[in-house]
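Step one of this worksheet: look at the structure below.
Numbers for residues simply follow the sequence, beginning at 1.
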Amino acid sequence: MATLHRAGRNIYFETHGEGPALLLSHGFSATSRMWTGQLGAFSQVCSVVLWDMCGHGQSDSPRAPGAYSEDETVEDMKCLLDHLGHRQAIVGGLSLGGYMSLAFHAAYPDYVQALLIFDTGPGFKRAGPREAWNTQARTRADQLERDGLSALDSMSVEMARSQHRSAFGLAMAARHMLVQSNARIIESLPGINVPSLVLVGEKDAPFIAATDYMANKIPNATKVVIKGAGHVANIDRRQAFNRAVLDFLKENQFA
């Protein structure tokens, strides 16, 4: 098992294939295994880097709340790329992983060759919608603390199939990764100057408007809607999802 030791904790990662680096980040309560259906296709053209965020999967779940912050998650991503010798990468993810990819670009734009943003929102400009989102995040944390990992059984497919070491880390991630405090990321969108794929499942109603917003705000973004897919487009419609990503990579000369 490959791990990066950073800031007193171990972060699980794995690599597959050769070519330009492609760092993929999973959604909340999922793990790196949610990308199993993409590895065969993507590793043919890229060096795919998968990892488990702090509190998820095979990574550690430290007690300190600060370990789960947006800033620390971004630093984990940077240190992982540094550890593997990648000074640039295609950076992407789904849901929380997509948001963290945007946060990574905001912090380290020179590291990012392209962005892949799947079924993701960029945050909120107004305090009211942000607090409504935060209330949902805290409710998820309460459920995990009350019911343990069985709380995932009633959630979406990538969550229900995931294996984690404890519910504690997931609850901490809900309180400190999912919860947002400002509009920094949504306001960073017009400054993105790398090729960007913004993709959403046709049935992912909560994120349709967010996808449209990002496609309009990110200069020269490519928008793709995957027919018949819900929130986890890469699992719901694997072949269509893989083709859309590979087409984007080829069009931008990464494959």
(message) Test: side chain to side chain donor-acceptor pair (under 3.5 Å). Region: residues 121-133. Which pairs qualify, not counting sequence neighbours?
(response)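 Listed once each, the pairs are Lys125-Tyr213, Glu131-Arg138.
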So how far is it from [X] [atom1] to [Y] [atom2], rounded to the nearest 0.5 Å?
X	Y	atom1	atom2	answer
Arg6	Ser59	CZ	OG	12.0 Å
Gln113	Leu22	CD	CG	10.5 Å
Thr36	Asn234	OG1	CG	9.5 Å
Phe104	Thr73	CZ	OG1	12.0 Å
Met34	Leu94	CE	CG	4.5 Å
Ser150	Gln143	OG	CD	8.0 Å

Please table the atom pairs, donor to acceptor, closer than 3.5 Å between any side-chain atom in residues 175-187 and protein atoms at least two apart or in another chain.
{"from": "Arg175", "atom 1": "NE", "to": "Glu145", "atom 2": "OE2", "distance (Å)": "3.3"}
{"from": "Arg175", "atom 1": "NH2", "to": "Asp142", "atom 2": "OD1", "distance (Å)": "2.6"}
{"from": "Arg175", "atom 1": "NH2", "to": "Glu145", "atom 2": "OE1", "distance (Å)": "2.9"}
{"from": "Asn182", "atom 1": "OD1", "to": "Arg184", "atom 2": "N", "distance (Å)": "3.0"}
{"from": "Arg184", "atom 1": "NH2", "to": "Glu70", "atom 2": "OE2", "distance (Å)": "2.4"}

Pairwise side-chain contact, [X] with [Y], heavy-atom cut-off 4.5 Å (strictly under):
X	Y	answer
Tyr99	Ser25	no
Leu189	Leu102	yes
Ile226	Asp236	no
Val48	Gln38	no
Leu39	Leu50	yes
Val49	Leu80	yes
Thr31	Gln163	no
Ser47	His86	yes

(request) Please determine if Asp60 and Arg165 form a salt bridge, counting it only when a charged side-chain N lies under 4.0 Å from a carboxylate O. (result)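 Counted as a salt bridge, because a side-chain N and a carboxylate O are separated by less than 4.0 Å.
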(request) Tell me yes or no: between the side chains of Ser32 and Asp52, is some donor less than 3.5 Å from an acceptor? (result)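 A pair is found: one side chain offers a donor N or O, the other an acceptor, under 3.5 Å apart.
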(request) Kindly state each residue pair satisfying salt bridge (charged side-chain N to carboxylate O under 4.0 Å, His left out) with at least one member in residues 220-235, sequence neighbours excluded. (result)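 Every salt bridge (charged side-chain N to carboxylate O under 4.0 Å, His left out) pair that includes a residue of residues 220-235, provided the two are not neighbours, is Asp212-Lys223.
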(request) Using the six-membered ring wherever Trp is involved, compare the ring planes of Trp51 and His26 and label them parallel, tilted or perpendicular (cut-offs 30° and 60°). (result)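 Judged by the thresholds at 30° and 60°, the geometry between Trp51 and His26 is tilted.
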(request) Measure up the Tyr111 and Tyr108 rings against each other and bin them: parallel (under 30°), tilted (30 to 60°), perpendicular (over 60°). (result)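 Plane angle over 60°, so perpendicular.
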(message) Between His83 (side chain only) and Leu81 (backbone N and O only), is there a donor and an acceptor less than 3.5 Å apart?
(response)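 Between the backbone of Leu81 and the side chain of His83 there is no qualifying donor-acceptor contact (under 3.5 Å).
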(message) For the backbone of Gly37 and the side chain of Asn242, can you confirm whether one donor and one acceptor N or O come within less than 3.5 Å of each other?
(response)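 Looks like yes, one N/O pair under 3.5 Å.
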(request) Apply side chain to side chain contact (heavy atoms under 4.5 Å, CB included) to Ser69 and list each qualifying residue two or more places apart in sequence or on a separate chain. (result)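 For Ser69 the side chain to side chain contact (heavy atoms under 4.5 Å, CB included) partners, ignoring immediate neighbours, are Asp71, Glu72.
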Result block: side-chain N/O donor-acceptor pairs under 3.5 angstrom for residues 244-255, not counting sequence neighbours:
{"from": "Asp247", "atom 1": "OD1", "to": "Arg243", "atom 2": "NH1", "distance (Å)": "3.3"}
{"from": "Asn252", "atom 1": "ND2", "to": "Phe248", "atom 2": "O", "distance (Å)": "2.9"}

Which pairs would a plain distance check flag for residues 197-204, meaning a side-chain donor or acceptor within less than 3.5 Å of a matching protein atom at least two apart in sequence or in another chain?
{"from": "Glu202", "atom 1": "OE1", "to": "Gly228", "atom 2": "N", "distance (Å)": "2.8"}
{"from": "Asp204", "atom 1": "OD1", "to": "His231", "atom 2": "ND1", "distance (Å)": "3.4"}
{"from": "Asp204", "atom 1": "OD2", "to": "His231", "atom 2": "ND1", "distance (Å)": "2.8"}

(request) Determine, stepwise, if the pair Phe42 / Trp35 fulfils side-chain contact (heavy atoms from CB on, under 4.5 Å). (result) CA-CA 10 Å; Phe42 294 178; Trp35 303 112; 5.6 Å; no
